[in-house]
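This report concerns only the one structure given below.
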Amino acid sequence: MHKLVIASLFIASFSAQADSDEKCGKVTIADMNWNSATFIANVDSFILQHGYGCDTELVPGDTMPTGTSMIEKGEPDIAPEMWSNSLKVALDRGVKEGRLQFAGPTFSDGGEEGFWVPEYMVEKTPELATIAGIKKHAKLFSHPEDPEQSAFYGCPAGWNCQISAGNLFKALDLEKFGFDLIDPGSGAGLSGSIAKAYERQQPWFGYYWAPTAVLGKYKMVKVDFGSGVDAKYFSSCITNPECTDPKVTMYPPSAVDTVITTSFAERSDAAVKYLAARSFTNAEMNGLLAWMEDNQADGEAVMVEFLTNHEAVWTQWVSKDVAIKVKGALQDL
């Protein structure tokens, strides 16, 4: 009888712990303003809500304001797709001060950034795969508004990559060769400029990143700066808006992480374990983003497509019990 009582108490204690893990309370998730991020935010919201009992809420986000808010205000609780290189100093400080944690990689392959030209241009003129070739043939890249200038499409204003792209534009001395750094206005404006150039087989030169539907659909060549990669210098100066005399370096592989607040991590160990396991390959993400674009789908729609038709991927991230709950919730949609 004594052993039975002890066993019963152990089971009750274990069940209480499991319930505690599932009761993670209200959870705010940054819904970033680009396709892969809004898709992942919707996936996390659905799985955490229906699989772990969290009361989830999607809140608008962007790299710099979201990271700053998480460090200074402790909210939102989760940033599902944080390109960490672009905010490394601040994020590392947040971790050191015990305010933030890196839950795990968002993309198992890491992210990729660079300056690109269409493959059809390089096939015709191979030296365009180098920055020296770009400068030599600057006149090819006609400006949409000023025939006296050449066009370089930068990162949209307000995005953190605007800092690194602008610093590298300066470091490469592209203005001296007649290039104007064009603000495309939005992510859609930037991707649209590539699509338009491809449809007309016209020259294009600018910044872009992967994984994206664009680099999945349109074959582009990353321009070689001839400098190699200096990851330490990139993080200390190229990503710094106060870097007054930037030097040339290629973009290092981009760490793309799920960042969470320590207060959230302390509320639900089970939910944190899910976020640590949740990761996409670039090939998986490129395919999903292409589907999203082809179907003009929003983050919620591609979330349903993914959870419904890619069970082999996401069920690896969760327990069988959680998977059953999520599948049941999908059937109720």
Side-chain angles (χ1 to χ4, degrees), residues 30-41 58-69 79-88 90-91 106-107 111-118 141-146 149-172 174-175 179-199 202-218 220 222-223 234 238-243 246 251 254-256 285-286 289-290 292-293 296 298-299:
D31 186 359
M32 306 289 206
N33 58 353
W34 59 91
N35 284 351
S36 57
T38 191
F39 156 61
I40 299 172
L58 296 179
V59 297
D62 204 345
T63 303
M64 187 175 292
T66 294
T68 302
S69 180
E81 187 184 323
M82 183 67 76
W83 288 65
S84 307
N85 281 351
S86 61
L87 205 61
K88 182 173 175 54
L91 292 175
T106 305
F107 303 128
E112 184 177 18
E113 296 176 273
F115 290 1
W116 308 78
V117 291
F141 303 94
S142 56
H143 196 286
E145 298 177 358
D146 186 351
Q149 291 187 298
S150 301
F152 171 83
Y153 289 87
C155 188
W159 291 26
N160 223 56
C161 53
Q162 183 187 31
I163 298 170
S164 59
N167 278 335
L168 287 172
F169 179 90
K170 182 178 179 181
L172 291 165
L174 290 176
E175 186 175 358
F179 282 96
D180 177 40
L181 200 166
I182 297 175
D183 178 359
S186 65
L190 183 58
S191 61
S193 69
I194 296 176
K196 182 179 178 181
Y198 240 87
E199 289 169 2
Q202 292 177 337
W204 188 93
F205 174 44
Y207 167 88
Y208 218 76
W209 73 98
T212 52
V214 167
L215 293 188
K217 294 173 68 174
Y218 305 114
M220 305 289 283
K222 186 192 291 186
V223 176
F234 182 89
I238 298 300
T239 62
N240 187 342
E242 298 179 2
C243 181
Y251 283 87
S254 299
V256 187
M285 184 56 69
N286 283 340
L289 293 175
M292 187 176 185
E293 187 170 293
Q296 298 183 336
D298 60 12

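Predicted, not measured: the structure shown is a model, and the values here were computed from it.
Residue N160 holds its CG atom at 8.5 Å from SG of C155, rounded to the nearest 0.5 Å. N286 contributes atom CG, which lies 7.5 Å from atom CG of L215 (distance to the nearest 0.5 angstrom). Distance check, rounded to the nearest 0.5 Å: CD1 of I163 to CG of N240 gives 7.5 Å. Here the CD1-OG1 distance, from I194 to T212, works out to 7.5 Å after rounding to the nearest 0.5 Å.
With sequence neighbours excluded, the residues forming a ring-ring contact (aromatic ring centres under 6.0 Å, His included) with F205 are F141, F152, F179, listed by chain and number. Residues passing the side-chain hydrogen bond (donor to acceptor under 3.5 Å, both in side chains) test with T63, sequence neighbours excluded: none.
Between W34 and W209, the distance separating the two ring centers is not shorter than 6.0 angstrom.
Remark: side-chain polar atoms of D180 are not paired, donor with acceptor, to backbone N or O of S150 under 3.5 angstrom. Looking at T106, its side chain does come within 3.5 Å of a backbone N or O of P80 through a donor-acceptor pair. Under the 3.5 Å distance criterion, the side-chain polar atoms of W204 are left unmatched by any main-chain donor or acceptor of A197. When atom types are taken as modelled, the side chain of D62 and the backbone of M64 share no donor-acceptor pair closer than 3.5 angstrom. A side-chain donor-acceptor contact under 3.5 Å links S191 to the backbone of G187.
The number of heavy-atom neighbours closer than 6.0 Å to NZ of K217, taken from other residues, nucleotides and ligands shown, is above 12. The number of heavy atoms from other shown groups lying within 6.0 Å of CD (E175) does not exceed 12.
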Given L172 and F115, is the side-chain contact (heavy atoms from CB on, under 4.5 Å) satisfied, shown in steps?
-> CA-CA 11 Å; L172 291 165; F115 290 1; 3.7 Å; yes

Pair V214-Y198, side-chain contact (heavy atoms from CB on, under 4.5 Å): steps then yes or no = CA-CA 11 Å; V214 167; Y198 240 87; over 6 Å; no

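For the residue pair E81 and S36, a side-chain donor N or O sits within less than 3.5 Å of a side-chain acceptor on the partner.
P144 places a side-chain heavy atom less than 4.5 Å from the side chain of Y153. The closest side-chain heavy-atom distance from L168 to E113 is not below 4.5 Å. Annotation: side chain of Y251 is not in contact with side chain of K222 (no heavy-atom distance under 4.5 Å). Side-chain contact between T66 and M32: present, with at least one pair of heavy atoms (C-beta onward) separated by less than 4.5 Å. Inter-residue side-chain proximity for H143 and I182 is flagged as met; some heavy-atom pair is nearer than 4.5 Å. Taking the side chain as every heavy atom from C-beta outward, F107 and I40 approach each other to under 4.5 Å.
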